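One structure coming up, written as structure tokens, with questions to follow.
Residue numbers begin at 1 in each chain, while the letters A, B, ... track the order of the sequences. What you see is a predicted model; the values in this text were computed from it and never measured.
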Protein chains: 2
Amino acid sequence: MEDKEIRKAGLKVTAPRLKILELLETCGEHHVSAEEIYRLLLADGEEIGLATVYRVLTQFEAAGLVERHRFEDGYSVFELNRGGHHDHIVCVTCGKVKEFVDDTIEQRQREIAEDKGYEIGDHSLIIYGRCRDPGCPNHGKADNKD
Amino acid sequence: MEDKEIRKAGLKVTAPRLKILELLETCGEHHVSAEEIYRLLLADGEEIGLATVYRVLTQFEAAGLVERHRFEDGYSVFELNRGGHHDHIVCVTCGKVKEFVDDTIEQRQREIAEDKGYEIGDHSLIIYGRCRDPGCPNHGKADNKD
DNA sequence: TAGAGCATGCGAAAGCTTCTCATTTCCTGC
DNA sequence: GCAGGAAATGAGAAGCTTTCGCATGCTCTA
Ligand SMILES: [Mn+2]
Ligand SMILES: [Mn+2]
Ligand SMILES: [Zn+2]
Ligand SMILES: [Zn+2]
């Protein structure tokens, strides 16, 4: 099943590639680092190298199968490209990430690019804030001002 | 003159801090890396260490004097905090950066944060595209689709 | 002007990511 | 099914940005 997508990307169908793709499919909206993928596969009994995980993720990204994001700390996290574009809102306290799409913002971006003399390509919008989840260390603290 | 700002940040007024602040002032809307700052100061005859540049930039950032951004490649670039917030549009071909502010987008972000149950803090919006400058390698190429 | 403490420069180290290379695996054509 | 050539892998070394540790130097207050 995933064979098709890998072949379409011009890549050989190998165990590491299949396993990484499978794992990403189970992740849904969860964003995982290369290191996490590596450890999860190891724990699953797979024999795989960290370098391979990085290589494959980069290839998948180039092929449009996978998206890479860099949140505040600057390190890479990955997720399956599930078709539609979306942006992210991240809790700076607990790290929780939610996704959103806003047509107004998307439209304004196209207008801004046009206005500034750019042919628009991609974009990255990340909102940082504090979530109100009971489990978040931030929970309860009324309104911290720093 | 810059003494005031440094002191206000609770930091001692030292040659490295003054020089870095001065240099950033000459940069205007240009975004510079720590390494660039380091080399520019060295070329200017200053005796300074790269570790100090990083340390000072981090302190300035914490004090709100300086802003740090990470464009596509993930490395840090810095600019003086010139008061108002702004976002960036970057040419993926030549690297040219322009700044913009859009009230509609800013407002929608606040609504999204509210909607998703986050107390909004900062955000990072970077549009990637291709500029139409005569000097840009992209110039002339009608509309490349990859 | 002297003292306490903060800041600096240097080199070493951290942490993520990429590279190198010998070995293995995949895939095409027989 | 099998062999050959190309592509991919795993392991460790290396690369790069950024941070740390520490002996020395500088600032600032009194
Ligand atoms: Mn996502
Ligand atoms: Mn800027
Ligand atoms: Zn949270
Ligand atoms: Zn350009």
Side-chain angles (χ1 to χ4, degrees), chain A residues 2-23 31-63 65-78 95, chain B residues 2-23 31-63 65-78 95:
Chain A
E2 294 93 351
D3 301 28
K4 287 276 166 57
E5 317 188 67
I6 294 176
R7 241 181 279 270
K8 207 186 307 174
L11 301 167
K12 284 189 181 172
V13 178
T14 64
R17 287 179 179 149
L18 281 172
K19 292 300 175 187
I20 291 173
L21 210 44
E22 271 176 29
L23 191 156
H31 304 80
V32 286
S33 68
E35 181 79 29
E36 283 178 280
I37 293 174
Y38 171 62
R39 279 198 300 237
L40 285 171
L41 290 180
L42 278 192
D44 225 35
E46 299 303 322
E47 193 170 299
I48 196 169
L50 182 54
T52 301
V53 175
Y54 273 106
R55 257 184 316 236
V56 168
L57 286 170
T58 301
Q59 293 158 342
F60 282 179
E61 184 191 14
L65 288 178
V66 155
E67 294 195 329
R68 174 197 304 253
H69 310 289
R70 293 176 215 267
F71 297 149
E72 205 155 43
D73 51 26
Y75 306 135
S76 296
V77 291
F78 301 85
Chain B
E2 294 94 350
D3 301 29
K4 287 273 166 58
E5 316 187 67
I6 294 175
R7 242 182 279 271
K8 206 187 307 172
L11 301 167
K12 286 187 179 173
V13 178
T14 64
R17 286 178 180 150
L18 282 171
K19 293 300 175 186
I20 291 172
L21 210 44
E22 272 175 28
L23 192 155
H31 304 81
V32 286
S33 68
E35 181 79 31
E36 283 177 280
I37 293 174
Y38 171 63
R39 279 199 301 234
L40 284 170
L41 290 180
L42 278 192
D44 224 36
E46 299 302 324
E47 193 170 299
I48 195 170
L50 182 54
T52 301
V53 175
Y54 274 105
R55 258 185 315 237
V56 168
L57 285 170
T58 302
Q59 293 158 342
F60 283 179
E61 186 191 14
L65 289 177
V66 155
E67 293 195 331
R68 175 198 304 252
H69 310 290
R70 292 178 218 265
F71 297 149
E72 206 156 41
D73 52 27
Y75 305 134
S76 296
V77 292
F78 301 84

Discussion item. Categorize B:S33 for me: base, sugar-phosphate, or nothing, with a 4.0 angstrom heavy-atom threshold over every strand shown.
Written reply: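 No contact.
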
Worksheet item: Just how far is it from atom CD of B:E46 to atom CG of B:L18, taken to the nearest 0.5 Å?
Response: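 Reported value, rounded in 0.5 Å steps: 10.0 Å.
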
Worksheet item: Are any of B:Y54's side-chain N or O atoms less than 4.0 Å away from OP1 or OP2 of D:dT18?
Response: yes

Worksheet item: For the pair made of OH in A:Y75 and C1' in C:dA14, what is the distance, rounded to whole Å?
Response: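 One finds 9 Å between C1' of C:dA14 and OH of A:Y75, rounded.
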
Practice prompt. For D:dT18, take OP1 and OP2 only and decide whether either is under 4.0 Å from a side-chain N or O of B:T58.
Written response: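 So the side-chain polar atoms of B:T58 never come under 4.0 Å of the phosphate oxygens OP1 or OP2 of D:dT18.
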
Item to complete: Report the residue from A:T14, A:I20, A:L21 that forms a side-chain contact (heavy atoms from CB on, under 4.5 Å) with A:I6.
Response: A:L21

Worksheet entry | Selection from C:dT17, D:dT9, C:dC27 that lies nearest to any side-chain heavy atom of A:R17 |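 Closest nucleotide among those given: D:dT9.
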
Worksheet item: Choosing from C:dC10, D:dT9, C:dC19, which nucleotide comes nearest the side chain of B:A51?
Response: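 For the B:A51 side chain, the nearest candidate turns out to be C:dC10.
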
Practice prompt. Rounded off to whole Å, could you give me the CG-to-C1' distance for the A:L42 and D:dG10 pair?
Written response: 11 Å

Worksheet item: B:Q59 has an atom CD; how far is it from atom C1' of C:dC6, in whole Å?
Response: 10 Å

Worksheet entry | Atom-pair distance (CG on B:D73; C1' on D:dG15), nearest Å | 15 Å

Worksheet item: For the atom pair CZ (B:F71) and NE2 (B:H31), what is the distance rounded to the nearest 0.5 Å?
Response: 4.5 Å

Worksheet item: Under 4.0 angstrom, heavy atoms only, what part of the nucleic acid is A:E35 near: base, sugar-phosphate, or nothing?
Response: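 Nothing, no heavy atom under 4.0 Å.
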
Response to the item:
One would report the end-axis bend of the helix from C:dT1-D:dA30 to C:dC30-D:dG1, five pairs per end and rounded to 10 degrees, as 40°

Worksheet item: Can you tell me how far C1' of D:dC16 sits from CZ of B:R39, to the nearest Å?
Response: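 Checked: the CZ to C1' distance equals 13 Å.
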
Discussion item. To the closest 0.5 Å, what do you measure between CD (B:E22) and CG (B:L41)?
Written reply: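 B:E22 CD to B:L41 CG: 9.0 Å, rounded to 0.5 Å.
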
Report, one pair per line, the protein and nucleotides 22-26 of chain D atoms (nitrogen or oxygen only) whose separation is under 3.5 Å.
none

Practice prompt. Determine the minimum heavy-atom distance between B:E72 and A:R70, stating which atoms define it.
Written response: O-NE, 3.3 Å

Practice prompt. Looking at every strand, decide which applies to A:R70 at a 4.0 Å heavy-atom threshold: base, sugar-phosphate, or nothing.
Written response: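 Nothing, no heavy atom under 4.0 Å.
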
Item to complete: Starting from C1' on D:dT17, measure out to CZ on B:F71 and report it in whole angstrom.
Response: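 Interatomic distance, CZ of B:F71 to C1' of D:dT17: 17 Å.
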
Discussion item. If I take atom CG in residue B:L50 and atom C1' in nucleotide D:dT17, what distance separates them, rounded to the nearest angstrom?
Written reply: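 From B:L50 CG to D:dT17 C1': 9 Å.
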
Could you go through residues 48-55 of chain B and list every donor-acceptor pair under 3.5 Å that involves a side-chain atom there, pairing it with any protein atom two or more places apart or in another chain?
unit_1, atom_1, unit_2, atom_2, d
B:T52, OG1, B:R55, NH2, 3.1

Worksheet item: How is A:R7 classified with respect to the nucleic acid when contacts are heavy atoms under 4.0 Å: base, sugar-phosphate, or nothing?
Response: sugar-phosphate

